[in-house]
Amino acid sequence: MALAALALSAAPVAPVSDAAVAGSAFPATLAEFGFFADAAAQRPAPGVVPYRLNTPLWSDGADKLRFLYLPPGTAAKANGEGLLELPVGAALIKTFAFPENGKLRLIETRLLLHRAEGWVALPYRWNAEQTEARLALAGGRLPLTTPQGEKISYAIPNKNQCKECHGMGDAVIPIGPKARNLAPDWLAAQAKAGRLDRAPVVAQRLPLWEDRAGAAVEPVARGYLDVNCGHCHYSQGSASNSGLDLRWEQADPARLGILKRPVAAGRGAGPHEFSIVPGEPDRSILTYRMASTEGGVAMPELGKATVDRDGLAAVRAWIAGMKR
Amino acid sequence: MKFLPVSLLAMLAVTSAHARTIEVAAGPDAQARLQEALIVAQPGDVVAIGPGRFVLTDGLSLAVANVVVRGAGMDATVLDFTGQLGAGEGLLVTGDDVTLRDFAVENTKGDAIKSKGADRIVYHRVRAEWTGGPKETNGAYGIYPVESTGVLIDGVIAKGASDAGIYVGQSKDITVRNSIADGNVAGIEIENSRNAIVRGNFVTRNTGGILVFDLPNLPVMGGGDVLVEDNLVVANDTPNFAPKGNIVASVRRGTGVMVMANDGVTLRGNTIDGNPTSGVMVVTYPRPFEDKTYNPAPRRVVVAENRFGRNGYDPQIDGGAALVQAFGGELPPVLWDGLGVPGETLSAAAGTRAWSLNLPAQAADPALAKPAPVTLPPPVSQPREAIATGAPASLDTRLAR
């Protein structure tokens, strides 16, 4: 056994399988892609580059490990402050993990694969032994304790639910890697390495979430809403029929929800009449739904079993500071 | 006639060459097996859900076009979401040309069945129900197609929704027929939608029976061309149990048919009886608004020949008891807020009794009402096709499959 392990670690790392990424099959295991030199340790293979977002999407306090794969000889294209344009054959890899007994327990790895027919989203679920992640088309649930100490039933999304957040009209698109939400150093390094056509100019970046205490209230809240809500709540998202648009670039107060009445919120509106009542976070539907964990009321609908107290505080502070 | 069987055979051959039937039986792991079937289905396939109770914890979804999801009957195949933990609805459909038939969805935390941007969808003999009766904690919508072109809802049952039992929003080319809406806040609601036929439905024990609304600040504006025909709208008398913030929370207990804003709505051949606030209500949007694209006034509303029984005998209106007494025991069956021009805003068949609140302006304080009988001019008779054509006739062929 020891010899075999030695032999394995000494062997050259196999490259990422471009056939697995860009083909039409749904590989049964994560290992078939070859994204990791050591998957259990989340050590990426050559060509797979880690990145972070300034303001991340919150998922019950999960740690997220993000990676970008570009096929050899290809490069991403900058698209102003927005989403990087990634070539066919590219993959975005995101592992969700929770601390457990002083270690990180890997729960699932979600893949976005850029194939000729468009982006394909696939969820892979890690086994209890942490040796293998298998395709979980139908998603699944497992009991977990969050870093905040809350016991939850954690939901791994099914393949269709991936589309609920990643959908733009009928297409699937990445959400995270927008230039305004990426580190300038990372962008510059990618450009220098020839993996990005140029480092894009960004007028205003989303604040670094961990530094929000020192940042202005509005960009912190607007950044949070953009990342956590804006992929559904805009004209081409899953929640387009709500008429609410929570993207960073939306400037119309009514579209942002200020004194906007609900459309089809049903009981999600609770006793409240407007998405946002300036100066009144306790009377705003937005904060009412963020503060709920009850099905039919809680927002976001997916990927949330507990309340993000920090995110809620940021949005409450923004609403509280608005002129009545 | 000679050619019909041949073409039918050809059609069948084409269909069977591609179509598969994916069977899903009740039992352990129903959640994963059912969801997986809905994911791996290809266009042309049938997902056949067997009889029994499927205990589910998470919303299901179907994103593939041209799939039939078929149960063994709306009482035999039950998707039970009583223990639902996540996701907003029981079943979400986003593929076009989907047929949903012969199953039930019970006790979802949010909406029961939602189809969004799903064109040419058919709902046939499905049941959406909250089995504990009317409760504020029930999900919002039972049958909920939105942002779709071509919607056929036939023979469904919707019960207990805390908003609308059957709600068609921001869509066009719609038919809702032969269905039952019972014990919802709104029985059937057509909102910000164009070209809709609501025909032959049984609408009872809701707070409001049939609502035709146009609201501001929605992505799709300008609802109209709606025919409400041959419905049985009786005994809609359930106290409003919608959460306060919602627009339907303002619907008065005991409203038969309510038209708010909207353009070109014809009511005819309906039996409207036992609705204690009003048989028919035609009003302007009553709240302040800033959306410049929005017209808050109803236009071209026609109350043609309908059978009115006893309505308006216990209205949920300030000073209602005195009004009932003044009108001799029951209010006239048609209530108008008085905003607009008789004939242009609203006309009614000869002999249809009506009264007006004579409100002075849009969003005026209801205390300013000066109720009085009103005589409405008779409408110009129109052929059915000129009012609305509803769902494309081609959708009917899927009812037999």
Side-chain angles (χ1 to χ4, degrees), chain A residues 26 136-141 152-164 167 169-170 172 235-236 238-245 253-255 259-275 283 285 288 293-305, chain B residues 29 31-40 57-63 81 84-89 92 94 96 108-111 116-117 136-141 144 146-147 161-164 167 169-170 191-192 215-220 242-249 287 289-291:
Chain A
F26 296 168
L137 276 185
R141 283 189 170 271
I152 61 168
S153 169
Y154 179 89
I156 296 170
N158 66 56
K159 181 171 177 291
N160 282 354
Q161 287 172 325
C162 298
K163 192 180 159 184
E164 284 179 45
D170 285 334
V172 169
S235 59
Q236 293 179 80
S238 293
S240 60
N241 54 305
S242 67
L244 195 62
D245 186 343
R255 299 298 308 277
L259 295 178
K260 176 190 169 304
R261 291 183 187 276
V263 172
R267 70 195 185 90
H272 306 303
E273 292 188 58
F274 301 101
S275 295
R283 291 177 55 206
I285 294 169
Y288 173 76
T293 54
E294 189 187 342
V297 177
M299 282 284 160
E301 288 185 341
L302 298 178
K304 168 189 170 167
Chain B
D29 283 334
Q31 178 80 44
R33 288 185 291 111
L34 191 45
Q35 182 58 64
E36 223 163 89
L38 295 172
I39 288 171
V40 302
T57 56
D58 288 87
L60 301 165
S61 55
L62 171 66
F81 288 91
Q84 188 173 7
L85 296 171
E89 52 276 309
L92 172 67
T94 52
D96 294 335
T108 51
K109 295 286 184 276
D111 309 317
K116 179 171 182 286
E136 187 181 318
T137 52
N138 291 352
Y141 302 111
Y144 176 18
V146 65
E147 291 184 349
S162 70
D163 197 305
Y167 171 99
Q170 305 177 55
E191 185 175 284
N192 290 49
L215 298 178
N217 293 115
L218 268 64
V220 178
K244 198 178 97 184
N246 206 295
I247 185 74
V248 298
R287 292 167 164 173
F289 66 94
E290 284 178 14
D291 182 350

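What you see is a predicted model, and the numbers here were worked out from it, not measured in a lab. Every chain is numbered from 1 and lettered A, B, ... according to where its sequence line falls, protein lines coming before strand lines.
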With distance as the sole criterion, is a donor-acceptor pair present between the side chains of [X] and [Y] under 3.5 Å?
| X | Y | result |
| --- | --- | --- |
| A/Arg267 | B/Ser162 | no |
| A/Asn160 | B/Ser61 | yes |
| B/Tyr144 | A/Asn241 | yes |

Find the distance between CG (B/Leu85) and OG (A/Ser153) and round it off to the nearest 0.5 Å.
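Answer rounded to 0.5 Å: 5.0 Å.
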What do the steps show when you test B/Glu147 against A/Ser240 for side-chain hydrogen bond (donor to acceptor under 3.5 Å, both in side chains), and what is the final call?
CA-CA 9 Å; B/Glu147 291 184 349; A/Ser240 60; 2.8 Å; yes
Which bit of [X] is near chain A, if near means a heavy-atom gap under 4.5 Å: side chain, backbone, both or neither?
| X | answer |
| --- | --- |
| B/Ala242 | neither |
| B/Leu34 | neither |
| B/Asn138 | backbone |
| B/Val248 | neither |
| B/Glu290 | neither |
| B/Arg33 | neither |
| B/Phe289 | neither |

Do [X] and [Y] touch side chain to side chain, with heavy atoms closer than 4.5 Å?
| X | Y | value |
| --- | --- | --- |
| B/Leu92 | B/Leu60 | no |
| B/Phe81 | B/Asp58 | no |
| A/Leu302 | A/Pro157 | no |

Please state whether the side chain, the backbone, both or neither of A/Ser238 comes within less than 4.5 Å of a heavy atom of chain B.
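Backbone of A/Ser238 only, per the 4.5 Å heavy-atom cut-off to chain B.
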Which of the residues B/Thr108, B/Thr137, B/Val146, B/Asp111 is involved in the greatest number of heavy-atom pairs with chain A at under 4.5 angstrom?
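Top count of heavy-atom pairs under 4.5 Å with chain A: B/Thr137.
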For chain A, which candidate among B/Leu38, B/Asp163, B/Leu218 shows the most heavy-atom pairs at distances under 4.5 Å?
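Counting heavy-atom pairs under 4.5 Å, the top option is B/Leu218.
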So which residue, A/His272, A/Arg261, A/Lys163, A/Lys159, ends up with the most heavy-atom pairs under 4.5 Å with chain B?
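Among A/His272, A/Arg261, A/Lys163, A/Lys159, the one with the most close pairs to chain B is A/Arg261.
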